Amino acid sequence: MQHRAHHVLLPPPGVGTEAGTVGTAIDQRLRLAFTAAAPVDDASLIGIDLSGGIGGRGAGLRMRAVGNELAVRLTETVRRLDLDNRTQPIDHGQDEEEHLARMLIAAAWYQVLARTPIGFAFTPLAKAALKDPAAFTFTRLLELPDRDLVADVTNQLHAAAHGPLEALRARTSPEDCTGGPTFAGAKITADADLVVDGLLIDFKSARHPLKEMSQRTAWQLTGYLLLDAADRYRIDTVGLYLSRSGVLTSWPVDDFLALLGACRRDLTELRGVFGELLAGCRGQADARYFGTPEETERVRQLLERLAPVAGPGCCPVCTQPLPETIRQPRKFCTAWCRDRDKVLRRRGLMPGGLRPLLPAPRKQRLDLPDDAEVVSLTTRIPR
C-alpha cells in the first residue's frame with residue numbers, strides 16, 4: 001500500500017480523550033461522504049508507521065502490522081460502500097455503519113500517536129497491544145471500541161443524513177471537495193476538515209454547541225483561511241457544522257472578516273501580511289514561544305511595521321471608510337469600534353497607546369544553595 005505524503009499535524013482540542021476520539025471518527029466519516037479520495041487520512045498513516053517503534057516484546061511491530069491491515073480493510077470498505085456516491089444517502093445500513101465506525105475509532109487512536117504521542121499510551125489500542133502483543137490482532141482491535149462510542153458516531157452520522165449537510169452534498173460532486181486540506185509552504189502545521197466548492201467547513205462535535213462559537217474557533221477558521229496563500233482551494237465562504245445538533249452556519253469571507261473587526265479586508269493583502277509574520281518566526285511557527293528580549297523586540301517591530309494605517313476619513317480601529325453623516329463627523333464607524341479602541345489602547349495596539357504586550361521571556365531559575373530558605377513577601381489583605 002502506498003502512503004501519501006506525510007505532514008506533521010496540529011492536534012484538535014480534546015484529542016486522545018473519548019470525546020476527542022469520537023470527534024475525530026465522525027469528522028473523517030463526514031469527509032468520506034463528500035470525497036473518498038483518501039480513505040485513510042494522513043495522520044492515521046503517520047501514527048501507524050510510528051507505532052512500530054514503541055514498546056518491547058514486539059508490541060510496536062504488532063501495532064504497526066495491525067495498523068497496516070486496518071488501513072487496507074478501511075480502504076476496501078470505503079471503496080465497496082462507494083461512500084461519496086451522490087445517488088446514495090450519507091448513511092448506509094446500521095451494521096455497515098457500526099463496522100465502519102469501529103475502524104474509524106481505531107484509526108483515531110493511531111492519530112493520537114501522530115498528534116500527541118504522550119497521550120497514545122493511554123488509548124485502549126496501546127494498552128491492549130502492550131499488555132499482550134501476541135493476542136493483538138485486527139479482530140481484537142475492532143473489539144476495543146466501546147459500543148457507546150460506536151453508537152455516538154453512528155447517531156451523529158444519521159443526523160447529518162437529514163439536514164443541511166446532505167443538501168450541500170447533493171448539489172456538489174466529489175471533484176468539488178477536498179477532505180483534510182493542508183497548506184503547502186506554510187511554516188505552521190495545520191489540517192482543516194473539508195472544503196466544498198469554495199466553502200471551508202470545520203466540524204464540531206462538542207456536546208455544548210454554544211462553546212464552539214468561541215474566539216478560539218474564529219481564530220482557527222481565520223488561520224485556515226489565511227494559510228491558503230496560493231488560493232489553492234478558492235475559499236470564498238467559511239462555516240461550522242455542529243454534528244450533534246445538525247446545524248450548518250456559514251459566512252462569506254468579507255462578512256466574516258468584518259465580524260472579526262479585521263483592519264485589512266482584502267484577502268490577498270491579508271494573506272501576504274500573515275505570511276510575512278510567519279516568515280519572521282524562527283523554526284516552526286506553531287512551536288511554543290519562549291523569546292529572548294531581543295526576539296521580543298524584533299516581533300514588536302514587525303507587528304508595528306505590518307499594522308495598517310487609517311487614512312483620512314477612516315475609522316482608526318478597523319481602518320474602514322467612515323459612513324457619511326450630515327451631523328458632526330464620526331470618529332468611529334460603529335459603537336463596537338469605539339469600545340474596541342479603549343481595549344486596544346490599554347494593550348498598546350493603537351497609536352499613542354502603551355507598548356504592545358508580548359509574551360515575556362522565561363524566567364531563569366535561581367541557583368540557590370541547599371540550605372537556602374525561600375520566604376514569601378506577599379502582603380496578605382485581610383478579608
Side-chain angles (χ1 to χ4, degrees), residues 1-4 6-29 32 38-78 94-157 180 189 191 205-207:
M1 176 180 178
Q2 292 185 347
H3 285 196
R4 300 174 65 205
H6 285 180
H7 304 272
V8 180
L9 306 173
L10 279 177
V15 69
T17 64
E18 286 192 356
T21 299
V22 169
T24 301
I26 188 60
D27 286 0
Q28 180 63 2
R29 180 61 186 88
L32 292 172
V40 187
D41 61 282
D42 285 343
S44 295
L45 293 174
I46 295 171
I48 289 170
D49 188 55
L50 292 175
S51 66
I54 291 180
R57 300 189 299 151
L61 295 179
R62 286 301 307 154
M63 283 190 282
R64 180 190 289 166
V66 172
N68 285 331
E69 184 175 357
L70 169 66
V72 172
R73 298 287 190 93
L74 182 54
T75 299
E76 291 174 348
T77 302
V78 170
Q94 186 64 20
D95 290 345
E96 293 172 326
E97 288 298 347
E98 288 182 358
H99 182 68
L100 189 55
R102 288 185 177 276
M103 287 194 285
L104 291 174
I105 289 171
W109 287 331
Y110 277 106
Q111 277 200 35
V112 176
L113 183 56
R115 299 180 184 275
T116 53
I118 294 177
F120 179 69
F122 300 98
T123 62
L125 183 160
K127 290 179 180 179
L130 292 171
K131 181 179 180 180
D132 190 353
F136 187 69
T137 63
F138 176 71
T139 300
R140 174 61 180 145
L141 174 63
L142 294 195
E143 294 172 347
L144 294 176
D146 186 272
R147 60 184 180 183
D148 288 339
L149 297 185
V150 174
D152 198 358
V153 173
T154 57
N155 288 341
Q156 291 182 64
L157 180 67
T189 51
D191 61 325
S205 62
R207 295 184 182 276

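What you see is a predicted model; the values in this text were computed from it and never measured.
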Residues forming a salt bridge (charged side-chain N to carboxylate O under 4.0 Å, His left out) with Asp27, sequence neighbours excluded:
none
Any chance you could measure Asp49, atom CG, to Arg64, atom CZ, to the nearest 0.5 Å?
5.5 Å
Just jot down the salt bridge (charged side-chain N to carboxylate O under 4.0 Å, His left out) partners of Arg29, sequence neighbours excluded, or say none.
Glu97
Mind checking whether Val78 and Val40 have side chains closer than 4.5 Å, heavy atoms only?
no
pair Leu113-Ile54: side-chain heavy atoms closer than 4.5 Å:
yes
Shortest non-hydrogen separation from Ala107 to Ser44 and the atoms involved:
O-OG, 3.2 Å
Mind listing the closest non-hydrogen atom pair of Asp191 and Gly180 along with its distance?
CB-O, 4.4 Å
Do Gln111 and Thr123 have side chains that approach each other closer than 4.5 Å (heavy atoms only, starting at C-beta)?
no
Please round to the nearest 0.5 Å and tell me the distance separating atom CG of Leu74 and atom CD of Gln28.
7.5 Å
Considering non-hydrogen atoms only, spot the tightest contact between Ser205 and Ile26 and give its length.
CB-CG2, 4.2 Å
Test item: Tyr110 and Met63 side chains (from C-beta on) under 4.5 Å apart, heavy atoms:
yes
Closest non-hydrogen contact found for Gly119 with Val112 is C-CG1, 3.8 Å
Please examine the side chains of Leu125 and Phe120, heavy atoms only from C-beta on, and report whether any two atoms are closer than 4.5 Å.
yes
What I'd like to find out is whether the side chain of Val153 reaches to under 4.5 Å of the side chain of Leu104, using heavy atoms alone.
no
With a 4.5 Å limit on heavy-atom distance, are the side chains of Arg140 and Leu144 in contact?
yes
Just jot down the side-chain hydrogen bond (donor to acceptor under 3.5 Å, both in side chains) partners of Glu98, sequence neighbours excluded, or say none.
Gln94
Can you tell me how far CG of Leu149 sits from OG1 of Thr154, rounded to the nearest 0.5 angstrom?
10.5 Å
What one should report as the nearest heavy-atom pair of Gln156 and Val22 is NE2-CG1, 3.4 Å
Once you round to the nearest 0.5 Å, how far does OG1 of Thr75 lie from CE of Met103?
9.0 Å
Please examine the side chains of Thr24 and Trp109, heavy atoms only from C-beta on, and report whether any two atoms are closer than 4.5 Å.
no
Roughly how far apart are Leu45 CG and Asp41 CG, rounded to 0.5 Å?
7.0 Å
Calculate, to the nearest 0.5 Å, the distance between atoms CG and CD1 belonging to Leu50 and Ile46 respectively.
7.0 Å
Search all heavy atoms of Ala59 against all heavy atoms of Ala129 and return the closest pair with its distance.
CB-O, 3.7 Å
